[in-house]
Amino acid sequence: MALKHQAPLGTRDLLPAELARWQWAESQARGVLERYGYGEIRTPIFEDYELFARTSGESSDVVTKEMYRFTDLGDRDLALRPEGTASVARAYLERGLGGQARIHRLWYMGPMFRYSRPQKGRFRQFHQIGAEIIGSSAPGADVEMIALFVDLFEAWGFSNLTVAVNSVGTPGTRREYGERLREWLAPVASDLGGDSLQRLISNPLRVLDTKDPRDLELFDKLVRGGAPMPRMLDSLDSESREHWEQVLGGLDALGIAHRTDPGLVRGLDYYTRTAFEVHDPSLGAQSALGGGGRYDGLIEALGGPPTPGVGFSIGLDRTMMVLEQRAAGGPAVPGTIFVAAMEGTRAAAAQLTRELRREFRVDCDLESRAIGAQLKLADRAGATLVLLLGEEEWARGEVVIKSLRDGGQKVVPRAMLLEALRERLK
RNA sequence: GUGGAUGUAGCUCAGCUGGUAGAGCACCGGACUGUGGCUCCGGGUGUCGCGGGUUCGAACCCCGUCAUCCACCCCA
């Protein structure tokens, strides 16, 4: 079908049938977030380009090649938001939240935009739900974040989740670790693949993430040669180490299943110390359902006072894909009434339909079809009750209520109709 | 940005070595001008992604282009 217009690459329409699941998931999430005492925040969908460039890191992929950047008619340099935390931090500063209370617990939900090549589970417009604690550097904040993160998934019906956790230290220790890594890799540096070579310069921590089998073989060779791979966790300063251990202790105390993943590095530069992620293998190559971590330097980088923060974001598109595979979170079918009219009762039916819609979910035929066709419509639409406005009955002040479940029907006086419907639908 | 695969009806797909398209489901109408589901009958709803080329003739062959999917990259 050669259509003139199609949804832009990497975007899609969500239709009513799919949205039933989305709405269910969103309302589950709202419930959890409210019980945790988090407040919703809504920020603009676009911001100054610089806001994202500064916070995500000039060299990050998000900034260098995935930003929807544009100039508006007033020559402002803007970008569609690639993630939510930068906007929340900006709003926190701009609206002076720091002066109102020391600790803020916030959540957000909405579309994000990244200019990357679409594939399974990856879209150019995707949706995230996220939460932040701004103002506390305590390990307990990290633990609460991870607990909330896990509880959201549990509210969606996930069980036996294991959270991957790591500590990426501070910018200082990360630099230091990067150096140790470079030294360790020095003997084989010239043999590394192109991607790894790039990363050796821009972000050495990522070199270890490579999937290139030849690179992995080189690493093996080094280890066999008696040079053990340096570990990020061994490079932590004493404060970060203590923080890390307390986070692990807190997770244990809550019985949250976790696994330390020394290779876990998050994509945005602002993360410090704790980093965590959850994956679902059924999603293919893009398996991360959500992730987060601590970002103690972010607010200061935006020109605010030193303010610690920790947060996460969850990809709703991917989560919905998993729920769909499990056929979870289906729509709760509400009882629908279908008002069927005859030749002489159409006007009355329209009136009755409008009146009933103040209280019930009501459907009707718009095209003056034969009664049989109306019943068929009602059936296909999944109605549970049909009100038949037969001419003779209506003239006597009566309405026929027919059940599409068992086919049974009975005649009710018009005056008793509302009561009868309430009775039948509850 | 790179690589591979795929584009035929609303959906899933068939279409032999080139002769201008078909099935199932869905949808619409009827049997059933006052009663749905089941059944039966009828209806194809299509610029074969788009543009060009080869050919007497192209859904099929060639070139280009667009789109989709999967993977790399990166991440949610």
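So you know, we letter chains A, B, ... as the sequences are listed, proteins then strands, and number each from 1.
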Between N or O atoms, less than 3.5 Å apart, protein on one side and nucleotides 64-69 of chain B on the other: list the pairs.
| from | atom 1 | to | atom 2 | distance (Å) |
| --- | --- | --- | --- | --- |
| B/A67 | O2' | A/Q6 | OE1 | 3.4 |

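- Comparing B/G18 with B/A58, their C1' atoms sit 6 Å apart, to the nearest whole Å.
- As rounded to the nearest Å, B/A59 and B/U39 have C1' atoms that lie 37 Å from one another.
- For B/C75, the base has no donor-acceptor partner in the side chain of A/R114 [N/O atoms by modelled type, under 3.5 angstrom].
- Although no hydrogens or angles enter the test, the distance criterion places a donor-acceptor pair under 3.5 Å between the side chain of A/R318 and the main chain of A/A288.
- Without hydrogens or angle criteria, A/T55 side chain to A/L51 main chain gives a donor-acceptor distance under 3.5 Å.
- With hydrogens and angles disregarded, no donor-acceptor distance shorter than 3.5 Å links the side chain of A/Q128 to the backbone of A/S313.
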Checklist line | Reading 5' to 3' through nucleotides 39-44 of chain B, protein heavy-atom contacts under 4.0 Å coded B for base, S for sugar-phosphate only, - for none | finding: ------
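- Rounded to whole Å, the C1' atom of B/A14 lies 13 Å from the corresponding atom of B/A9.
- The interatomic distance linking A/D406 (CG) with B/U35 (P) rounds to 18 Å, in whole Å.
- Of the two residues contacting RNA chain B, namely A/H279 and A/D379, the nearest-nucleotide position lying further toward the 5' end is that of A/D379.
- At the heavy-atom level, A/G390 lies under 4.0 Å from base atoms of the strands shown.
- Between the side chain of A/E18 and the main chain of A/L15, a donor-acceptor pair closer than 3.5 Å is present.
- Because its NZ or CZ atom is both nearer than 6.0 Å to the ring centre of A/F123 and within 45° of the ring axis, A/R12 counts as a cation-pi partner of that residue.
- Atom OG1 of A/T170 and atom CG of A/L236 lie 8.5 Å apart (nearest 0.5 Å).
- Nucleic acid contact class of A/L289 (heavy atoms, under 4.0 Å, all strands): sugar-phosphate only.
- Residue A/R369 is classed as a sugar-phosphate contact, given heavy-atom separations below 4.0 Å to backbone atoms only.
- Evaluation of atom-type donor-acceptor distances gives no pair under 3.5 Å for the side chain of A/Q374 against the base of B/G34.
- Taking a 6.0 Å sphere around OH of A/Y115, one finds it holds 12 or fewer heavy atoms contributed by other residues, nucleotides or ligands.
- Base engagement by A/Q409 is indicated by at least one non-hydrogen atom pair under 4.0 Å involving a base atom.
- Atom P of nucleotide B/U35 and atom CE of A/M342 are separated by 8 Å, given to the nearest angstrom.
- Separating the CG atom of A/L389 from the C1' atom of B/U35 is a distance of 14 Å, rounded to the nearest angstrom.
- A donor-acceptor distance shorter than 3.5 angstrom exists from the side chain of A/Y177 to the backbone of A/P230, with no hydrogens or angles considered.
- At the heavy-atom level, A/A285 lies under 4.0 Å from base atoms of the strands shown.
- Within a 6.0 Å sphere centred on CE of A/M416, other residues, nucleotides and ligands contribute 12 heavy atoms or fewer.
- For the P atoms, the distance from B/G30 to B/U35 is 13 Å, rounded to whole Å.
- Rounded to the nearest Å, the gap between the C1' atom of B/C11 and that of B/U54 is 35 Å.
- Stretches of at least 3 consecutive Watson-Crick or G-U wobble pairs, with each checked distance under 3.5 Å, appear in RNA chain B as B:1-7 with B:66-72, B:10-13 with B:22-25, B:27-31 with B:39-43, B:49-53 with B:61-65.
- Atoms CZ (A/F276) and C1' (B/A76) sit 13 Å apart, rounded to a whole Å.
- Distance, A/W394 CH2 to B/G34 C1': 16 Å, rounded to whole Å.
- As judged by a 4.0 angstrom heavy-atom cut-off over every strand, A/Q125 is placed among residues making no nucleic acid contact.
- Not counting sequence neighbours, A/R358 has no partner by the side chain to side chain donor-acceptor pair (under 3.5 Å) test.
- Using a 4.0 Å heavy-atom distance criterion, A/I371 is classed as a sugar-phosphate-only contact.
- Applying the side chain to side chain donor-acceptor pair (under 3.5 Å) test to residues at least two apart or on different chains, the pairs with a partner in residues 408-418 of chain A are A/E355-A/R414.
- Residue contacts shown for A/E391 include a base, since a base heavy atom lies under 4.0 Å away.
- Between A/Y115 atom OH and B/U2 atom C1' the separation is 14 Å, expressed in whole Å.
- When the nearest nucleotides of RNA chain B are assigned to A/G407 and A/L377 by heavy-atom distance, the more 5′-ward of the two goes with A/L377.
- One can place CG of A/L404 at 11 Å from P of B/G36, the figure rounded to the nearest angstrom.
- If you check every strand for non-hydrogen atoms under 4.0 Å, A/R380 touches sugar and phosphate atoms only.
- No donor-acceptor pair closer than 3.5 Å links the side chain of A/T274 to the backbone N or O of A/S167.
- Between the side chain of A/H279 and the main chain of A/E277, no donor-acceptor pair closer than 3.5 Å is present.
- The same atom, C1', is picked in B/G22 and in B/C61; the two are 23 Å apart, to the nearest Å.
- Counting any heavy atom pair closer than 4.0 Å across all strands shown, A/E392 reaches a base atom.
- Per the geometry, CG belonging to A/L264 stands 14 Å off C1' belonging to B/A76, to the nearest Å.
- Residue A/G284 is in sugar-phosphate contact alone, with no base atom involved, counting any heavy-atom pair closer than 4.0 Å across all strands shown.
- Across the C1' atoms, B/G7 and B/U47 are found 15 Å apart, a figure rounded to whole Å.
- When the side chain to side chain donor-acceptor pair (under 3.5 Å) test is applied to A/E47, the partners found at least two apart in sequence or on another chain are A/S87, A/R90.
- When the C1' atom is used for both B/C63 and B/C28, the distance is 42 Å, rounded to whole Å.
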